[in-house]
Amino acid sequence: MSKNLDTINHHESVVRSYIRNFPTVFTKAKQHKMWDEDGKEYLDFFSGAGALNYGHNDDHMKEKLIEYISSDGITHSLDMASTAKAEFLEKFDDVILKPRDLDYKVMFPGPTGTNTVESALKLARKVTGRTDIISFTGGFHGMTIGSLSVTGNSMKRQGAGIPLQNTVTMAYDNYVDHDTIVYLERFLEDSGSGVAIPAAMIVETVQGEGGINAARFEWLKQIEEICRRWGILLIIDDVQAGIGRTGSFFSFEAAGIKPDIICLSKSLSGYGLPLAVTLIKPELDIWKPGEHNGTFRGNNHAFVTATAALDYWKDESFEKEIHEKSELIYNFLEKIVTDYPEIKGEVRGRGFMIGIASEVEGLAEKITARCFKLGLIMETAGPNDEVFKLFPPLNIPKDELQKGLDIIEESVKDLVK
Ligand code: PMP
């Protein structure tokens with residue numbers, strides 16, 4: 001056992017979880033590779049659960065950050081104006097919002113994913129004057145009380161130790177063969193039903209933690225229509241599915257919907273630094289100064305790397321590249337499912353947010369454990385960890401991607417043959 005691992009196990013609270021699946025101490029990482037203290041090299045098909053979509057220590061972002069730090073660029077400024085913030089906002093508008101014909105105000109809710117979700121839920125309630133939020137089975141939105149209250153995972157919810165209130169959980173698309181959203185509308189139409197009009201619905205277009213469940217575009221459109229009819233605000237949580245994971249910058253683009261509020265974090269800084277934004281339609285910008293603040297809203301180092309990361313999106317070549325590689329992954333996974341019927345697998349997901357759900361109890365965890373031994377880092381997802389989830393960085397070279405896929409096949413072969 002490593003001394004460093006001992007130290008961490010001894011001092012850190014037992015709540016840590018990833019250390020169980022990846023029991024080593026990492027020292028260094030570059031692009032799609034990580035190294036541990038024994039010098040063992042790993043391919044990273046985990047990407048910090050979607051926080052490293054451009055890989056580790058991207059050269060362009062690193063250069064900009066070093067330049068900024070060397071010139072004593074401002075580090076912490078609360079929400080005072082800084083050049084780093086202005087440059088980020090301008091480029092985000094030029095490269096991301098304007099070309100997609102999207103008109104949103106940018107709010108900095110706090111450093112992480114759960115902060116953007118909290119701000120979205122709070123703002124939706126303030127704007128509508130209503131209480132309830134509709135969320136979906138299998139949804140994951142964060143660990144603070146508000147975001148946990150809309151998270152559809154009973155184990156996580158039990159972490160609060162009390163009932164979490166003012167949310168209504170409906171079945172996510174493809175969980176059932178009938179559409180519960182239609183029932184919701186019947187309840188709303190019936191004044192005697194006692195069901196109050198909710199403030200908002202919060203949806204992931206592809207559920208990450210919930211098991212790589214991809215909603216159909218028609219279902220997303222249907223949800224948007226219901227929201228419009230009833231004046232319910234549509235919140236898309238793109239914390240995990242956003243920033244290119246599904247093939248386009250925002251995950252909802254392909255479905256052709258326009259949310260009222262968008263939650264972004266994870267890969268927004270591009271460099272693994274904490275940064276979150278809540279994008280809100282301009283008419284929702286009603287909070288008075290100070291009604292939502294916090295010490296670490298907008299980290300200037302993260303602004304610098306986030307601005308550099310936007311260079312990936314300046315033309316369409318990056319999206320094309322993601323698309324080509326995701327086809328390679330999809331075809332490979334389909335072949336695994338066909339060639340190894342013993343795993344009773346089903347390919348799920350979109351783009352680079354993809355995995356195989358196995359009906360064989362415990363198999364996905366065994367596969368990821370075997371992959372780890374063979375030098376590939378991958379995690380499981382879903383309520384019973386039944387999905388092994390592929391999350392390589394979006395810019396991984398094709399031959400390195402193939403190496404990782406070969407390790408997956410080898411692991412599957414080892415386990416079923
Ligand atoms: N929303 C989604 C969809 C997520 O996947 C996560 C994190 N896995 C969060 C919110 C919460 O983000 P954070 O862990 O940064 O608070």
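Every number for a ligand or one of its atoms is a count from 1 in the order of the listing. Note: hydrogens, waters and symmetry copies are ignored here, and every other heavy atom, side chains too, is used.
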Worksheet entry | Salt-bridge present (Lys258, Glu225; N to O < 4.0 Å) |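 No, Lys258 and Glu225 are not salt-bridged.
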Practice prompt. Using a strict 4.0 Å threshold on nitrogen-to-oxygen distance, state whether Glu224 and Lys221 make a salt bridge.
Written response: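 Here Glu224 does not pair with Lys221 in a salt bridge, since their nearest N and O are not under 4.0 Å apart.
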Item to complete: For residues 292-301, pull every pair meeting side chain to side chain donor-acceptor pair (under 3.5 Å), keeping only residues two or more places apart or in separate chains.
Response: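 Listed once each, the pairs are Ser77-Asn300, Asp79-Arg297, Ser82-Asn300, Lys122-His292.
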Worksheet entry | Pairs meeting criterion salt bridge (charged side-chain N to carboxylate O under 4.0 Å, His left out) with involvement of residues 80-91, two or more places apart |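 Checked against salt bridge (charged side-chain N to carboxylate O under 4.0 Å, His left out) - neighbours excluded - the pairs reaching residues 80-91 are Lys91-Asp311.
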Item to complete: Could you list all the salt bridge (charged side-chain N to carboxylate O under 4.0 Å, His left out) pairs where at least one residue sits in residues 353-376, not counting sequence neighbours?
Response: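 Salt bridge (charged side-chain N to carboxylate O under 4.0 Å, His left out) check on residues 353-376 returns Arg370-Asp414.
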Worksheet entry | Identified ring pair (Phe, Tyr, Trp, His ring centres under 6.0 Å) counterpart of Phe303 within the set Tyr271, Tyr68, Phe88 |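 Filter result, single survivor: Phe88.
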Tabulation required: pairs of a nitrogen or oxygen in ligand 1 and a protein nitrogen or oxygen under 3.5 Å; columns are atom names and distance to 0.1 Å; otherwise 'none'.
{"unit_1": "ligand 1", "atom_1": "1 (N)", "unit_2": "Phe140", "atom_2": "O", "d": "3.4"}
{"unit_1": "ligand 1", "atom_1": "1 (N)", "unit_2": "Asp237", "atom_2": "OD1", "d": "3.3"}
{"unit_1": "ligand 1", "atom_1": "1 (N)", "unit_2": "Asp237", "atom_2": "OD2", "d": "2.7"}
{"unit_1": "ligand 1", "atom_1": "5 (O)", "unit_2": "Gln240", "atom_2": "NE2", "d": "2.7"}
{"unit_1": "ligand 1", "atom_1": "8 (N)", "unit_2": "Lys266", "atom_2": "NZ", "d": "3.1"}
{"unit_1": "ligand 1", "atom_1": "15 (O)", "unit_2": "Gly113", "atom_2": "N", "d": "2.9"}
{"unit_1": "ligand 1", "atom_1": "16 (O)", "unit_2": "Thr112", "atom_2": "OG1", "d": "3.4"}
{"unit_1": "ligand 1", "atom_1": "16 (O)", "unit_2": "Thr114", "atom_2": "N", "d": "2.8"}

